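Here it is: the structure, laid out below.
The analysis underlying the following values was restricted to heavy atoms, covering all of them including side chains, and did not include hydrogens, waters or symmetry mates. Just so we're clear, the structure is a prediction, and the values are computed from it rather than from any experiment.
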Amino acid sequence: MAKITRKPVPRKAAVPKKKTQAATSKPKTPGKTSAPARKSLKATKRWTPAEIHEVFSRFRKANPEPKGELEHVNPFTLLVAVVLSAQATDAGVNKATRELFKVADTPQKMLDLGEERLRDYIKTIGLYRTKARNVIALSAKVLSDFGGEVPRTRAEIESLPGAGRKTANVVLNMAFGEHTMAVDTHVFRVGNRTGIAPGKTPLEVELGLEKVIPAEFMLHAHHWLILHGRYTCLARKPRCEVCLINDLCRWPEKTV
């Protein structure tokens with residue numbers, strides 16, 4: 001019988017195993033997506049106490065006695081004005097309250113006015129129906145729980161309908177001279193943009209500012225920051241060229 005010989009079957013070339021992603025991936029070159037992170041780190045570089053003192057010294061020199069722009073005649077009308085100012089401009093609130101406060105500048109007079117007539121005075125303000133309901137309710141509570149006087153603690157003010165932490169801080173500061181820091185959109189922006197007190201929430205910025213601002217400036221500090229944010233450090237087009245603190249500001253996108 002003839003001997004059968006088999007030709008050797010060529011073996012397939014071994015395919016190298018894929019390396020793990022961790023081993024093969026190269027570090028990505030920083031691109032546009034990583035730029036904000038780098039800028040954020042640069043912007044929030046810690047300020048020195050001397051720099052912060054210099055900032056507020058400049059604010060004080062330029063405006064020794066800053067005033068809040070909400071018009072009021074006593075602590076109660078201030079409280080009402082601040083409650084009405086939520087999601088509204090100070091100018092818009094003032095336009096409505098000039099006539100309102102002529103007829104209702106106390107809790108009792110506000111109750112006597114009534115919710116329906118109050119709405120007529122403030123109908124140019126956003127959310128005026130809800131705000132009218134809150135103002136009548138807080139007036140009743142000020143009378144029943146606090147003897148007709150605006151309370152002087154944060155917790156008590158926050159217990160009033162329509163009043164939150166910012167409202168309490170404004171009233172405590174402007175009506176009673178407390179060293180509080182009311183954080184609105186302007187203060188929140190300035191605290192983060194300059195790097196003086198970066199934070200993800202208004203409360204973080206508030207506590208950060210209270211921690212770093214010297215006591216000698218705290219009475220007027222929130223007014224200086226609000227005015228700076230409202231007229232200089234604007235949200236869309238900041239006026240860096242006229243900024244009092246542009247040489248100290250940490251914002252990486254400043255134009256000077």
Counting distance only, does the side-chain N/O of Asn173 pair as donor-acceptor with the main-chain N or O of Leu219 below 3.5 Å?
->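 Looks like yes, one N/O pair under 3.5 Å.
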OH-NE2 distance between Tyr231 and His186, expressed to the nearest 0.5 angstrom = 8.0 Å
Check whether any side-chain N or O of Asn74 sits under 3.5 Å from a backbone N or O of Asp105 as a donor-acceptor pair, and report yes or no.
->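 Judged by distance alone, yes, a pair lies under 3.5 Å.
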Point-to-point distance, once rounded to the nearest 0.5 Å, from CZ of Phe56 to CD of Glu216 =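 Phe56 CZ to Glu216 CD: 11.0 Å, rounded to 0.5 Å.
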Lys/Arg-Asp/Glu bridge criterion (N-O < 4.0 Å) met for Arg58, Glu54 =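 The answer is yes: the pair qualifies as a salt bridge.
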Arg165/Glu206 ion pair, N-O < 4.0 Å |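 Glu206 and Arg165: salt-bridged.
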Rounded to the nearest 0.5 Å, what's the gap from CG on Asp120 to CZ on Arg117? Could you check?
->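 Output value for this atom pair is 8.5 Å.
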For Lys102, side-chain hydrogen bond (donor to acceptor under 3.5 Å, both in side chains) partners two or more places apart | Glu99
Taking NZ, NE, NH1 and NH2 as the nitrogens, is one of them in Glu178 or Arg152 under 4.0 Å from a carboxylate oxygen of the other?
-> no
Could you walk me through whether Glu51 and Val55 pass side-chain contact (heavy atoms from CB on, under 4.5 Å), step by step?
-> CA-CA 6 Å; Glu51 287 173 326; Val55 164; 5.7 Å; no
For Met110, the option from Asp112, Thr106, Leu113 that meets side chain to side chain contact (heavy atoms under 4.5 Å, CB included) =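 Testing each of Asp112, Thr106, Leu113 against Met110, the sole residue satisfying side chain to side chain contact (heavy atoms under 4.5 Å, CB included) is Leu113.
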Write down the atom of Arg119, the atom of Ala132, and the distance for their closest heavy-atom approach.
-> CG-CB, 3.5 Å
Hey, are the side chains of Leu225 and Leu209 touching, using non-hydrogen atoms and a 4.5 Å cut-off?
-> yes
After noting the C-alpha distance and the side-chain angles of Val80 and Thr97, does the key distance pass the side-chain contact (heavy atoms from CB on, under 4.5 Å) rule?
-> CA-CA 9 Å; Val80 171; Thr97 57; 5.5 Å; no
Donor-acceptor under 3.5 Å (Lys131 side chain, Ala86 main chain) = yes
His220 and His223 aromatic ring geometry - parallel, tilted or perpendicular at 30°/60° bounds =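 Plane angle between 30° and 60°, so tilted.
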Please list, chain by chain and in numerical order, all residues satisfying side-chain hydrogen bond (donor to acceptor under 3.5 Å, both in side chains) with Thr232, sequence neighbours excluded.
->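 Counting only residues at least two positions away or on another chain, Thr232 forms no side-chain hydrogen bond (donor to acceptor under 3.5 Å, both in side chains).
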Where does the angle between the aromatic ring planes of Trp224 and Phe217 fall among parallel (under 30°), tilted (30 to 60°) and perpendicular (over 60°)?
-> perpendicular
Would you say the ring centroid of Phe101 lies under 6.0 angstrom from that of His72?
-> no
Does Glu69 pair with Arg230 as a salt bridge, N-O distance under 4.0 Å?
->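 Salt bridge between Glu69 and Arg230, a charged N being under 4.0 Å from a carboxylate O: yes.
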